[in-house]
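Notes follow the structure.
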Amino acid sequence: MALIVQDFIKPRKNTRPQFLLVDVRGIVVHYTATPKATALNERNYFNDGAGGRSASAHIFVDKNEARQVIPFNEVAYHANDHKCKIPALKATTKYYKQGDANLTTIGVEMCIEKDGSLHPDTVKRTVEVVAKLCATFNLTDKNIYRHYDITGKNCPAMWVDKPAEFISFKQAVKGKLSGETTATAPVEDAKAHVVAKDDTLYSIAKMYKLSVDELKSLNGLKTNTIHIGDRLIVKKPDTTLYMLPEGVLRKGDRGSDVIKLQKALVAIKFYPDKEGSNFVFDGIFGKDTLNALTRFQKVYTPYLVYGIYGQQTKEKLNELLNK
């Protein structure tokens with residue numbers, strides 16, 4: 001049986017408007033919040049018009065199957081209920097102004113059980129689905145988001161309450177992408193702190209040389225409330241994956257520093273040449289790399305668009321790659 005069953009819903013203004021995506025820059029994971037509803041139930045609900053509300057997703061996953069209801073080159077109404085908080089996912093078009101993440105991401109909805117929980121098989125299947133999507137669209141685990149990360153909505157609620165479970169999910173996807181067998185298990189103890197009696201965010205942050213804000217950000221915490229037994233991530237993410245070049249680079253330059261720049265641009269979906277072999281990591285700052293860099297600057301440093309890599313461009317790239 002295919003991992004993803006295609007069963008498209010009827011085109012409708014409020015569920016499947018047939019707007020085209022401008023790009024696929026990420027995968028957004030949701031939960032349905034409708035106990036006992038299966039992927040087929042959800043598909044039929046949206047096929048029948050969703051009660052008139054503007055909502056949808058590309059895929060619904062339950063413990064038995066994954067059902068795709070909207071083509072991957074079309075918009076689904078899944079992640080634009082509030083202002084987008086991820087700059088890299090923002091977008092607008094003439095046909096969908098300020099569509100933001102709805103124009104740049106694939107929406108995956110996980111079905112829940114009668115008691116509101118996620119069945120382990122649903123999570124396992126969602127790992128497989130998201131890994132397949134990442135492989136298809138040249139994404140990594142860094143491009144996987146909760147609905148909460150995009151707009152602040154409490155979705156999936158269980159992963160907002162327990163961020164470590166979402167981190168575990170992404171680790172499992174990363175394992176799939178690298179060919180490893182990885183279970184959706186808790187985060188390694190070396191990277192986590194189990195809250196004990198009398199612990200506070202301040203005392204834990206101090207222990208691991210973090211600020212309270214950094215600790216809250218690592219764990220997706222909205223308040224300072226923690227409970228005994230909570231597992232908190234206490235290790236900052238590795239920021240050495242993309243080593244950005246020092247100094248200035250311009251058209252005509254060659255070498256390893258240009259390769260670093262090309263890899264950084266590709267990592268955030270500004271391709272020097274999307275059809276090229278290995279995305280043209282050739283170390284040559286030619287017209288394609290110039291084009292990619294200029295497009296990046298128009299989006300992220302509109303006050304500084306001149307096709308030359310320097311300190312301000314480096315700082316913005318570093319912010320996006322290592323957030």
Side-chain angles (χ1 to χ4, degrees), residues 1-21 24 26-81 101-103 105-137 139 144-148 150-151 153-160 165-166 168-170 172-173 176 183-184:
M1 180 179 177
L3 174 61
I4 301 173
V5 177
Q6 288 189 342
D7 190 8
F8 298 149
I9 60 176
K10 299 174 185 176
R12 288 179 187 271
K13 183 178 180 180
N14 66 308
T15 54
R16 186 187 167 190
Q18 294 188 291
F19 295 155
L20 293 179
L21 292 178
V24 178
I27 310 299
V28 183
V29 186
H30 310 253
Y31 81 132
T32 59
T34 49
K36 292 181 64 177
T38 65
L40 180 59
N41 292 151
E42 295 290 350
R43 180 267 173 198
N44 291 340
Y45 170 73
F46 286 99
N47 190 57
D48 292 339
R53 68 190 184 98
S54 293
S56 52
H58 291 89
I59 299 180
F60 292 91
V61 185
D62 64 26
K63 59 190 175 186
N64 297 310
E65 67 172 2
R67 195 167 287 261
Q68 180 188 358
V69 306
I70 292 179
F72 292 141
N73 66 338
E74 292 184 18
V75 162
Y77 288 144
H78 67 100
N80 196 30
D81 46 301
N102 281 358
L103 284 166
T105 63
I106 300 294
V108 178
E109 291 263 7
M110 298 181 294
C111 298
I112 59 175
E113 299 301 296
K114 183 178 180 180
D115 62 359
S117 67
L118 290 170
H119 193 283
D121 289 345
T122 299
V123 178
K124 181 180 179 181
R125 191 177 301 277
T126 305
V127 167
E128 294 175 354
V129 166
V130 172
K132 181 177 178 65
L133 291 173
C134 286
T136 300
F137 295 104
L139 304 174
I144 304 169
Y145 305 91
R146 300 167 296 180
H147 190 173
Y148 170 77
I150 309 298
T151 69
K153 185 175 180 179
N154 189 35
C155 174
M158 58 286 291
W159 287 357
V160 175
E165 292 185 3
F166 176 57
S168 176
F169 173 84
K170 291 201 295 182
V173 172
K176 282 282 183 183
T184 51

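Atoms CZ and CZ, from Arg53 and Phe46 in turn, are 5.0 Å apart once rounded to the nearest 0.5 Å. A distance of 8.5 Å separates CD in Glu74 from CG in Leu21, rounded to the nearest 0.5 Å. We find the CD1-NZ distance between Ile112 and Lys36 to be 12.0 Å, quoted to the nearest 0.5 Å. Annotation: the span from Leu3 atom CG to Lys132 atom NZ amounts to 6.5 Å, rounded to 0.5 Å. In this structure, CG on Leu118 lies 15.5 Å from NZ on Lys124, to the nearest 0.5 angstrom. Between the CD1 atom of Ile59 and the CE atom of Met110 there is a distance of 12.5 Å, given to the nearest 0.5 Å.
Here the shortest heavy-atom pairing between Ala66 and Val61 reads CB-CG2, 4.0 Å. Closest approach of Gln18 and Pro11 over heavy atoms only: OE1-CB, 3.5 Å. Among all heavy-atom pairs drawn from Gly107 and Ala57, the shortest one is O-CB, 3.8 Å. The two residues His147 and Ala79 come nearest to each other via the heavy atoms NE2-CA, 3.9 Å.
Shown are Pro156, Cys155, Cys111; of these, the side chain to side chain contact (heavy atoms under 4.5 Å, CB included) with Thr32 is made only by Cys111. Checking Asp7, Asp48, Asp62 one by one against Arg43, the salt bridge (charged side-chain N to carboxylate O under 4.0 Å, His left out) holds for a single residue, Asp7.
With respect to Glu113 and Lys63, a salt bridge is recorded, a charged nitrogen being found less than 4.0 Å from a carboxylate O. Taking the charged nitrogens against the carboxylate oxygens, Asp81 and Lys153 have no contact shorter than 4.0 Å, which rules out a salt bridge.
You'll find the side chain of Asn64 stays beyond 4.5 Å of the side chain of Thr38, heavy atoms only. Side-chain atoms of Pro71 and Arg16, non-hydrogen and from C-beta on, do get closer than 4.5 Å to each other. In this structure, Glu165 and Val123 have side chains that are not in contact, with every pair of non-hydrogen atoms separated by 4.5 Å or more. Counting only heavy atoms from C-beta outward, the side chains of Thr34 and Asn41 never approach each other to under 4.5 Å. In this structure the side chain of Val69 never reaches within 4.5 angstrom of the side chain of Asn47, judged on heavy atoms.
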Requested in this report: Dump the intermediate steps for side-chain contact (heavy atoms from CB on, under 4.5 Å) on Glu128 and Lys176, then the final yes or no.
Outcome: CA-CA 7 Å; Glu128 294 175 354; Lys176 282 282 183 183; 4.0 Å; yes
Query - Pair Leu133-Val108, side-chain contact (heavy atoms from CB on, under 4.5 Å): steps then yes or no - result: CA-CA 10 Å; Leu133 291 173; Val108 178; 3.8 Å; yes
Requested in this report: Assess whether side-chain contact (heavy atoms from CB on, under 4.5 Å) is satisfied between Leu20 and Asn73, documenting all intermediate values.
Outcome: CA-CA 6 Å; Leu20 293 179; Asn73 66 338; 4.1 Å; yes
Report task. Apply side-chain contact (heavy atoms from CB on, under 4.5 Å) to Glu109 and Glu42, showing your working. Result -> CA-CA 9 Å; Glu109 291 263 7; Glu42 295 290 350; over 6 Å; no
Report task. Just do the ring-ring contact (aromatic ring centres under 6.0 Å, His included) check on Phe166 and Tyr148 with the steps written out, would you? Result -> CA-CA 11 Å; Phe166 176 57; Tyr148 170 77; 9.7 Å; no
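Between Trp159 and Phe169, the angle of the ring planes lies from 30° to 60°, which puts this pair in the tilted group. The aromatic rings of His58 and Phe72 lie tilted to each other, with the angle between the two planes from 30° to 60°.
No donor-acceptor pair closer than 3.5 Å links the side chain of Thr151 to the backbone N or O of Asn80. Under a 3.5 Å cut-off, the side chain of Thr105 and the backbone N or O of Ala101 do form a donor-acceptor pair.
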